[in-house]
Amino acid sequence: MPQKIFNTKNRKKEVFQPLQEGAVGMYVCGITAYDVCHVGHARAAVVFDVIFRHFKASGVNVTYVKNFTDIDDKIIDRANKEGVGIAEIAERYIKLHDEDMAALRVLTPSVTPRATRHMAEMIELISMLEEKGIAYAVDGDVFFSVKKFSAYGGLSGRNLDEMISGARVDINDKKHNPLDFVLWKKSKEGEPFWDSPWGQGRPGWHIECSAMSRRYLGDTFDIHGGGEDLIFPHHENEIAQSQAATGKPPARYWIHNGFVKINAEKMSKSLGNIFPIRDIIRQYHPEALRLFMIQSHYRSPVDYSDTSLKEARVALIRGYSALQLMKELMAKFDGQPAGGKLEPAGQAYADKLNDLKDKFNAALDDDFNTAQALGYVFEAARLINNVATAEKKMSATSKKKILEIAADTFDHFGNVLGVFQSDPDAFFREDRDIEVVKRGLDVARIEALISERKKAREEKDWNRADDIRKELALLHITLKDSAEQTSWSIE
RNA sequence: GGCGGCAUAGCCAAGUGGCUAAGGCAGCGGUCUGCAAAACCGUUAUUCUCCGGUUCAAAUCCGGAUGCCGCCUCCA
């Protein structure tokens, strides 16, 4: 099935034709390192991580570039407030970013360039624009003249006249046109600076991405991504700069992820509803946050709330329960001979699993439809449960073989979506640890009660046993009795 | 004001011209169980915000209405 991508540039789903067969170059705008990452960053990271993983799993040689903006007004502000250098601020938040990404099972991109290490490339690009008469320098600042680039507005679907009439008043009287944007900024007293043909200064935000994408992926590459808020002006300006300088459009496909809303409101500092990733994952297993993200299509807005994370957690538990069941059963069948022929009932399960795998891949080929793909994952989980618990008459050899196929299938699902990759026992342990801390539970007391109940059950004192269970239920603890032992989980 | 998006069950959420409208949560009935939990089986939208139109056929295309949201300013 050919890969399809919704291209923001043309506002429609298109068949993806890479520049070079079997290879993909993808650039995604990363963070500005001045604060901890929030749930919105998490979404963008997860969305493009799944795209990265899907290409890799499809055997494509993908070069994924995600930058760090490590020089910017906000970083300078923060550095000044704390009385430290900008490098220290950037370094700190990049490190925290990396920790958050690792927790979310986000793979490290192929290249993670930093703006401050690419000054030469930026200066080169600005010089090219200046030579062509598209950029103009005024008193140490350099601006891009939007009127000199006729395709300006092509990505965001605006035209210059509309924008000029609708533009807010810009007090910068150095600009020839209020829509012109800065390529190079003269540094103020005490600010960090780099030497350039226009004097000491620092780059504008937009030029960073143009320079770094060009450096690692060339003048034209396959995919450029980012949050939908970056369409205008950031990506519009990137296109203008790159295309005006090189004569070639920078990216062929533009992918933009939708926003995360908080309880149906826009997340913003003024509303005080910024949810940092590190705070969320103290409350919920990181995979629950990840699953929440991939439950929706990447272009739809998603609404983050306590309820939605709780639901994602329950769904996650459902998946891991199937994996745990599978693991237990596999252990039981350890001594069984491998290979052998599947009986017809077993063959039907195997066919169904292969079918689900095909559908899963097709869903991702169709504009990375993770929500649909996830539906097939849960269908596969049901099949596993079915084989494990319902198919009593099937031979152990057949069961073992199906479970092997199921394990491979789930391995593929997990690899692409970045969920269900942990050992199920480890997952349940981690999840329980988080819940215990969150609810302030006393594990020793819980286990003492469970021992007491065990004794009561042995003595067939069902009333006492049930009273203990009710007491634990008040703490949202659910007990599960098996032949060997009683395990507990937190609702 | 300009540009764009969304509206599918109690909730979350796929599906964009034709098979029974995925999947998860919650609910109900059953199997299992000392009773539960988990799991499994069955069930839960004759219908996709509303009104018109195109078509043999529409949740899906077109027009209109209503509601919600995003961008136009730093923003994932």
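Chain identifiers are assigned alphabetically (A, B, ...) following the order of the sequence lines, protein sequences preceding nucleic acid strands; residue numbering begins at 1 within each chain. Values in this document were obtained by computation on a predicted structure and should not be read as measured data.
The same atom, C1', is picked in B:U66 and in B:G52; the two are 15 Å apart, to the nearest Å. B:G10 and B:C48 have their P atoms separated by 13 Å, with the value rounded to a whole Å. Between B:C50 and B:A7, the distance separating the two P atoms is 13 Å to the nearest Å. Of the P atoms belonging to B:G17 and B:C51, the separation is 24 Å, rounded to the nearest Å. B:A59 and B:C19 have their P atoms separated by 9 Å, given to the nearest Å. Spacing between B:U49 and B:A39 at atom P, rounded to whole Å, works out to 32 Å. Taking atom C1' on both nucleotides, B:C62 is separated from B:C69 by 24 Å, rounded to a whole Å. Taking atom P in both B:C6 and B:U47, one finds a spacing of 25 Å when rounded to whole Å.
In this structure, A:Val28 reaches neither bases nor backbone, as no heavy-atom distance under 4.0 Å exists between it and the strands shown. Residue A:Ser482 is classed as having no contact, given no heavy-atom separation below 4.0 Å to the nucleic acid. Using a 4.0 Å heavy-atom criterion, one finds that A:Phe378 contacts the sugar-phosphate atoms exclusively. Looking at heavy-atom distances under 4.0 Å, A:Thr307 makes no contact with the nucleic acid at all. The residue A:His234 sits apart from the nucleic acid: no heavy atom pair falls under 4.0 Å. Nucleic acid contact class of A:Gln295 (heavy atoms, under 4.0 Å, all strands): sugar-phosphate only. Base contact: A:Arg469 has a heavy atom under 4.0 Å from a base atom. In this structure, A:Gly227 reaches the sugar-phosphate backbone alone: every heavy-atom distance under 4.0 Å involves primed, P, OP1 or OP2 atoms, never a base. Looking at heavy-atom distances under 4.0 Å, A:Ser308 makes no contact with the nucleic acid at all.
Using N1 to N3 plus N6-O4 or O6-N4 for Watson-Crick, or N1-O2 and O6-N3 for G-U wobble, each under 3.5 Å, B:G29 pairs with B:C41. Summarising the base pairing, B:C48 is matched to no nucleotide, lacking a Watson-Crick or G-U wobble pair whose two defining distances lie under 3.5 Å. Checking B:C19 for Watson-Crick or G-U wobble geometry (two distances, each under 3.5 Å) identifies no partner in any strand. Pair assignment for B:C61 gives B:G53, based on Watson-Crick or G-U wobble hydrogen-bonding distances that are each under 3.5 Å. Checking B:G1 for Watson-Crick or G-U wobble geometry (two distances, each under 3.5 Å) identifies B:C72 as its partner.
Partners of A:Val436 by side-chain contact (heavy atoms from CB on, under 4.5 Å), not counting sequence neighbours, listed by chain and number: A:Arg432, A:Leu441, A:Val443, A:Trp488, A:Ile490. Applying the side-chain contact (heavy atoms from CB on, under 4.5 Å) test to A:Ala371 and every residue at least two apart in sequence or in another chain returns A:Asn369. Judged as a side-chain contact (heavy atoms from CB on, under 4.5 Å), and not counting sequence neighbours, the contacts of A:Leu107 are A:Asp49, A:Phe52, A:Arg53, A:Lys56. Annotation: side-chain contact (heavy atoms from CB on, under 4.5 Å) contacts of A:Ala396 (sequence neighbours excluded): A:Phe333, A:Gln336.
The base of B:C40 lies outside donor-acceptor range of the side chain of A:Arg382, with no N or O pair under 3.5 Å. With hydrogens and angles ignored, no donor-acceptor pair under 3.5 angstrom links the side chain of A:Glu379 to the base of B:G23. Between the side chain of A:Asp303 and the base of B:C12, no donor-acceptor pair under 3.5 Å is found. Residue side chain A:Asp466 reaches the base of B:G34 through a donor-acceptor N/O pair under 3.5 Å, judged by distance alone.
Defined by atom type and a distance below 3.5 Å, a donor-acceptor pair is missing between the side-chain atoms of A:Arg114 and A:Thr116. In the model, A:Asp365 has a side-chain atom that pairs as donor or acceptor with a side-chain atom of A:His54 under 3.5 Å.
Taking atom CZ of residue A:Phe6 and atom P of nucleotide B:U16, one finds them 14 Å apart after rounding to whole Å. Nucleotide B:C69 holds its C1' atom 11 Å from the NZ atom of A:Lys266, rounded to whole Å. Summarising the geometry, the separation between NZ on A:Lys480 and C1' on B:C32 is reported as 13 Å, rounded to the nearest angstrom. As rounded to whole Å, 14 Å separates atom C1' of B:A36 from atom CD1 of A:Ile450. Between A:Lys310 atom NZ and B:A26 atom C1' the separation is 14 Å, expressed in whole Å. Distance, A:Asp49 CG to B:A76 C1': 14 Å, rounded to whole Å. Atom NZ in A:Lys185 sits about 10 Å away from atom C1' in B:C74, given to the nearest Å. As a whole-Å value, the separation of A:Leu155 CG from B:G4 C1' is 12 Å.
Ring geometry, A:His206 versus A:Phe181: the interplanar angle exceeds 60°, so the pair is classed perpendicular (tilted spans 30 to 60°).
Side-chain contact check for A:Ser422 versus A:Arg105: some heavy-atom pair is nearer than 4.5 Å. When side chains are defined from C-beta on, A:Leu289 counts as touching A:Val39, because their heavy atoms get closer than 4.5 Å. Between A:Phe6 and A:His256, the closest side-chain pair of non-hydrogen atoms is not below 4.5 Å.
Of all heavy-atom pairs between A:Val182 and A:Phe143, the closest is CA-CD2, 3.9 Å. Of all the heavy atoms in A:Asp367 and A:His297, the pair that sits closest is O-CE1, 3.3 Å. Residues A:Ile86 and A:Asp70 come closest through the heavy atom pair CD1-O, 4.3 Å.
For the segment residues 452-463 of chain A, residues with any heavy atom less than 4.0 angstrom from an atom of RNA chain B are, sorted by number, A:Arg453, A:Arg457, A:Trp462. The stretch residues 316-328 of chain A comes close to RNA chain B through A:Arg318, each having a heavy atom under 4.0 Å from the strand.
In this structure, A:Asn369 reaches the B:G15 phosphate: one of its side-chain N or O atoms is under 4.0 Å from OP1 or OP2. The phosphate of B:A14 (OP1 or OP2) has no side-chain N or O of A:Thr370 nearer than 4.0 angstrom. At the phosphate of B:C25, neither OP1 nor OP2 sits under 4.0 Å from any side-chain N or O atom of A:Arg313.
No aromatic stack links A:Tyr376 and the base of B:G23, using centre distance under 5.5 Å and interplanar angle under 30°.
Nearest to the side-chain atoms of A:Ser300 among the listed nucleotides B:A14, B:C72, B:A76 stands B:A14. Between B:C75, B:G70, B:C72, one nucleotide has an atom nearer to the side chain of A:Glu228 than all others, and that is B:G70. Set against B:A76, B:C75, B:C69, the side chain of A:Met267 has B:A76 as its closest nucleotide. When distances run from any side-chain atom of A:Glu311 to the nucleotides B:C12, B:G2, B:A13, the shortest one goes to B:C12.
Take the nearest nucleotide of RNA chain B for A:Phe292 and for A:Ala315: the residue whose nucleotide is more 5' is A:Phe292. Both A:Leu383 and A:Gln372 sit near RNA chain B, but only A:Gln372 has its closest nucleotide nearer the 5' end.
Residues A:Lys310 and A:Asp306 are paired through a salt bridge, judged by an N-O separation under 4.0 Å between the basic side chain and the carboxylate.
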